[in-house]
Amino acid sequence: MNGGASSFEQCYRCYPVSFIEKAHLEKGDKIIMPPSALDRLASLHIEYPMLFELSNISAEKVTHCGVLEFIADEGLVYLPYWMMQNMLLQEGDLVQVKSASLVKGTYIKLQPHTQDFLDITNPKAILETALRSYSCLTTGDTIMVPYNNKKYFIDVVETKPSSAVSIIETDCEVDFAPPLDYKEPEKPQQKSVSASKRPPEVEEELPSKVPKFTPFTGSGRRLDGKSPDTATKQQDQPSENGKEDTNASRPAPRQRSGKLVFGSSSSPGVKETAKVDPKNTAQETESKSEEPKFQVFTGKKYSLKG
């Protein structure tokens, strides 16, 4: 189907570029068209580089591309397979090809599918090399960047100043969005809160582990050289009079703080015991004199002779 005099528009059946042994074209966005398309484009005086708009009318998918050669069979067009996937095209489906004029891009925002693309040494340099095989980019497309025998898929999130831009011989600012499989790390505030909750538990465990302090647990030593055991035995034994020493057993009176007491603290107790009431001593002597004295052999006498 031919378009107007000033534009090219034609429908073709599409197939992957691998069908004509040109798998290297998978690295870019170039397509292969039939020779009749070149004759038509030359007569329309289409500007170079030639850019085209591809449309899958049934799925309402649109993208843009360039052309590399005009060697395809008549009625056919060969596309990179990643482009067919973006367009939801199967082998032999119809695709509409229309000439287009695109402005040069100034800003591109890309989003890798996997985080391992950012692990590559200098990913911007790898991307710059890969984009040399592309003529244009369209917002919403997913391009493929091969590196070290691995394919990395990248979404075109945004393009400026238009939704489709030309990237041929232009300086374009490139920005990266977080990969699709990227997971945000845990916030440090949650760690600090959990760390602040731990010290009370530690404080509760410390008292149970610390041994209790018990004073004077060692063996005692006396200044006179005697062992403490013999000294305690002598204190437990009664005095020579059969009575315990009242001076040793009697506790010393407590002294009030803030007052000075001259002399030994045990002297008042001794003085109190030394005082004797004279009346009591006189009564004790009288009672002793009244008691009958014991006399031996005071009974009747008997003689052995009879």
Side-chain angles (χ1 to χ4, degrees), residues 1-103 105 110 113 130-146 149-157 159 162-168:
M1 177 180 175
N2 295 330
S6 59
S7 63
F8 174 86
E9 186 174 348
Q10 185 72 38
C11 285
Y12 298 99
R13 294 200 176 272
C14 63
Y15 291 91
V17 292
S18 58
F19 277 30
I20 54 174
E21 298 181 356
K22 290 186 179 295
H24 63 279
L25 296 181
E26 289 289 344
K27 298 179 181 180
D29 64 345
K30 305 295 192 299
I31 64 175
I32 304 297
M33 299 177 69
S36 61
L38 178 60
D39 295 338
R40 177 64 179 167
L41 291 167
S43 64
L44 295 174
H45 303 285
I46 300 297
E47 296 180 358
Y48 290 87
M50 296 182 183
L51 300 177
F52 299 92
E53 177 185 286
L54 303 181
S55 301
N56 182 358
I57 299 175
S58 60
E60 297 182 353
K61 290 287 186 179
V62 178
T63 190
H64 297 79
C65 66
V67 61
L68 181 64
E69 295 178 318
F70 295 90
I71 59 173
D73 296 336
E74 291 298 328
L76 303 180
V77 65
Y78 296 96
L79 311 177
Y81 186 67
W82 66 265
M83 190 177 294
M84 292 181 62
Q85 289 179 320
N86 287 341
M87 299 287 293
L88 302 179
L89 292 171
Q90 300 294 330
E91 298 174 3
D93 288 349
L94 288 175
V95 60
Q96 187 181 37
V97 181
K98 183 180 179 180
S99 60
S101 178
L102 301 177
V103 296
L110 305 175
H113 284 195
L131 290 179
R132 290 176 184 173
S133 302
Y134 287 77
S135 303
C136 50
L137 293 175
T138 305
T139 301
D141 278 359
T142 300
I143 62 176
M144 189 272 295
V145 176
N149 298 325
K150 188 175 181 179
K151 296 179 180 180
Y152 297 94
F153 292 92
I154 301 175
D155 292 340
V156 181
V157 179
T159 58
S162 176
S163 60
V165 295
S166 172
I167 58 172
I168 299 175

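Treat the numbers as computed from the prediction; the structure is a model and nothing was measured.
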**OP:** Report the C-alpha separation of V62 and L54 in whole Å, then their side-chain angles, then the decisive distance to 0.1 Å, and conclude whether the side-chain contact (heavy atoms from CB on, under 4.5 Å) test is met.
**Re:** CA-CA 6 Å; V62 178; L54 303 181; over 6 Å; no
Subject >> Residues T139, T159; criterion side chain to side chain donor-acceptor pair (under 3.5 Å); working and verdict >> reply: CA-CA 6 Å; T139 301; T159 58; 2.8 Å; yes
**OP:** List the steps and the verdict of side chain to side chain donor-acceptor pair (under 3.5 Å) for K30 and S135.
**Re:** CA-CA 8 Å; K30 305 295 192 299; S135 303; 3.1 Å; yes
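Counting only heavy atoms from C-beta outward, the side chains of V17 and L79 never approach each other to under 4.5 Å. Considering only heavy atoms from C-beta on, P16 comes within 4.5 Å of M84 through its side chain. The shortest distance between side-chain heavy atoms of S99 and M50 does not fall below 4.5 Å. Between M33 and F52, the closest side-chain pair of non-hydrogen atoms falls below 4.5 Å.
Going from atom CG of L38 over to atom CD1 of I46 covers 11.5 Å, rounded to the nearest 0.5 Å. A distance of 9.5 Å separates CD of Q10 from CD of Q96, quoted to the nearest 0.5 Å. Here the straight-line distance linking atom CG of L137 with atom OG1 of T63 works out to 9.0 Å at 0.5 Å rounding. For the atom pair CD1 (I20) and CG (L25), the distance works out to 7.0 Å, reported to the nearest 0.5 Å. Atom CE of M144 is separated from atom NE2 of H113 by 12.5 Å, given to the nearest 0.5 angstrom. In this structure, CD1 on I143 lies 9.0 Å from CG on D29, to the nearest 0.5 angstrom.
Across every non-hydrogen atom of P49 and I168, the tightest pair is CG-CD1, 3.5 Å. Taking both residues in full, the closest heavy atoms of I167 and C136 are given as CG1-N, 4.0 Å, listed atom of the first, atom of the second, then distance. In plain terms, the two heavy atoms of P80 and I31 that are nearest each other are CD-CG2, 4.2 Å.
With a 6.0 Å radius and a threshold of 12 heavy atoms from other residues, nucleotides or ligands, F153 has its CZ atom above the threshold. Around atom NZ of K27, no more than 12 heavy atoms belonging to other residues, nucleotides or ligands sit under 6.0 Å away.
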Using a 3.5 Å cut-off and no angle test, enumerate the donor-acceptor pairs between side-chain atoms of residues 64-78 and protein atoms at least two apart in sequence or in another chain.
unit_1	atom_1	unit_2	atom_2	d
H64	ND1	T138	OG1	3.0
E69	OE1	K22	NZ	3.3
E74	OE1	S36	OG	2.6
E74	OE2	S36	N	3.4
E74	OE2	S36	OG	3.4

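Aromatic ring orientation, W82 versus Y134: tilted (interplanar angle from 30° to 60°).
For N56, the side chain to side chain contact (heavy atoms under 4.5 Å, CB included) partners at least two apart in sequence or on another chain are S58, A59, K61, M87, L88, L89. Partners of Y15 by ring-ring contact (aromatic ring centres under 6.0 Å, His included), not counting sequence neighbours, listed by chain and number: F19.
When each of T142, V145, D141 is tested with I154 by the rule side chain to side chain contact (heavy atoms under 4.5 Å, CB included), just one qualifies, namely V145.
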